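Order of the sequence lines fixes the chain letters, A, B, ..., with proteins taken first and strands second; residue numbering starts at 1 for each chain. In this text, all values refer to a predicted model and were calculated from it rather than measured experimentally.
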2 protein chains.
Amino acid sequence: MEYPQLKLENQLCHRLYMASNRIIRNYREPLELLDLTYPQYIVMMALWENDGISIAELLEKTSIDGGAMTQILKKMTDKSLLSIVKDEDDKRKRIIKLETHGAELRHKAADIPDKIKCSFAHMTEQEAQQLIELLDKVNQG
Amino acid sequence: MEYPQLKLENQLCHRLYMASNRIIRNYREPLELLDLTYPQYIVMMALWENDGISIAELLEKTSIDGGAMTQILKKMTDKSLLSIVKDEDDKRKRIIKLETHGAELRHKAADIPDKIKCSFAHMTEQEAQQLIELLDKVNQG
DNA sequence: CTTAATTAATTTGCATGCAAAACAATAACG
DNA sequence: CGTTATTGTTTTGCATGCAAATTAATTAAG
């Protein structure tokens, strides 16, 4: 083998790519019941924790692409999950507010984490925790 | 906090999502020199290892979506990286063959793994290996 | 042998991820 | 105070990821 590093089986990145796609795919079915896509679900989680933040803050918390966020928020506004209002102090900023429907969806979403866990019953809690710590290192770089 | 599991900071999935996007983003610049996208690079790696496989085998090796693969292979054919021929034994199948340009690109790609490693110099070799093993577990489920 | 599954690929429609360009509003600076 | 740089957001164009429908070719059943 001329370039062993160019083998797929030696690639950390390819494993991350597969794992990320795979897990997000697992969310698809539970999220369909809430009429949410995965990035929309991330936005909802960020807002359930911090309602009333600006779009820039939301981008920072979620790591979602700015260009995509505009579209995502538009669709979520259409679904009456949230509304976007201008910041009076700084008119460049726009503030996101959860609507009643969006706030209540939190209760319907409460069982999703457990559903996902079932898909990974073959991993121990400890392994999951270890994985989280390593991924945090990756995300620091 | 009503539903602690619904916090972003407790989500394995969100970390995987960020890490995957982040690493693939790191590949963008080196791959631009080869005029390849990341999925196209995965296809090239699979073919450098196993030239002459069918599309179905390529899908299995790469975990790339079938619908996307058709488009990816079309673009790679246009770039003279590879060609697609019918399998005479089973006319449903199509066989992928590297063209000269595609085969030679391997040498130009030889330094990419090292370039990527530099972006993750803050991680030890051991941590990377540990991460790979845990991701393999995720990808088994 | 003819029809009903099954497999290999492609096509289609929708939702991002990403880079670059475009805008508006505010902050910095001379 | 007016020009410039910076920040917040949107727009645009391209490349997927994914599900579902479609088509072509092969195999299985009766």
- [ ] Using whole Å, report how far NZ of K86(B) lies from C1' of dT7(C).
- [x] 18 Å
TODO: Identify whether the distance between the nearest side-chain nitrogen and carboxylate oxygen of D111(B) and K115(B) falls below 4.0 Å.
DONE: yes
Task: Side-chain donor or acceptor of R15(B) paired with backbone N/O of L135(A) under 3.5 Å - done: no
Task: Spacing between I95(A) atom CD1 and dA25(C) atom P, to the nearest angstrom - done: 16 Å
Open item on the list: Using a 4.0 Å cut-off on heavy atoms, which residues in residues 9-40 of chain A reach DNA chain D? List them by number, or say none.
Closed with: Y17(A), N21(A), R25(A), R28(A)
Task: Rounded distance (Å) that lies between atom C1' of dA8(C) and atom CG of L59(B) - done: 9 Å
Open item on the list: Looking at E60(B), I want to see if its CD is surrounded by more than 12 non-hydrogen atoms of other residues, nucleotides or ligands under 6.0 Å.
Closed with: no
TODO: May I ask you to test the K61(B)-I53(B) pair for a side-chain heavy-atom distance under 4.5 Å?
DONE: yes
TODO: Using atom CG of D89(B) as one end and atom P of dA8(C) as the other, report the distance to the nearest whole Å.
DONE: 14 Å
Open item on the list: Please report the distance, rounded to the nearest Å, between NZ in K93(B) and P in dT26(D).
Closed with: 11 Å
TODO: Would you check if L131(B) and M123(B) make a side-chain contact, meaning some heavy-atom pair closer than 4.5 Å?
DONE: yes
TODO: In whole angstrom, give the distance that lies between atom CD1 of I42(B) and atom C1' of dA15(D).
DONE: 13 Å
- [ ] Starting from P on dT27(D), measure out to NZ on K91(B) and report it in whole angstrom.
- [x] 12 Å
Open item on the list: Tell me if a side-chain donor or acceptor on E57(B) pairs with a main-chain N or O of S54(B) at a distance below 3.5 Å.
Closed with: yes
Task: Near-strand residues of residues 64-82 of chain A, defined as heavy-atom separation under 4.0 angstrom from DNA chain D - done: G66(A), G67(A), T70(A), K74(A)
Per-pair distances, 0.1 Å, donor-acceptor, side chain in residues 32-47 of chain A, under 3.5 Å, sequence neighbours excluded:
residue: T37(A); atom: OG1; partner: Q40(A); partner atom: N; Å: 3.3
residue: Y38(A); atom: OH; partner: H14(B); partner atom: N; Å: 3.3
residue: Q40(A); atom: OE1; partner: T37(A); partner atom: N; Å: 3.2
residue: Q40(A); atom: OE1; partner: K79(A); partner atom: NZ; Å: 2.9

TODO: Record whether the side chain of R92(B) comes under 3.5 Å of the base of dT7(C) through a donor-acceptor pair of N or O atoms.
DONE: yes
TODO: For T77(B) and L73(B), indicate whether the former's side chain and the latter's backbone hold a donor-acceptor pair under 3.5 Å.
DONE: yes
- [ ] Please report, rounded to the nearest Å, how far the P atom of dA24(D) is from the CG atom of D87(B).
- [x] 19 Å
TODO: Let me see the working for S80(A) and E99(A) under side-chain hydrogen bond (donor to acceptor under 3.5 Å, both in side chains), right down to the final yes or no.
DONE: CA-CA 6 Å; S80(A) 299; E99(A) 292 291 331; over 6 Å; no
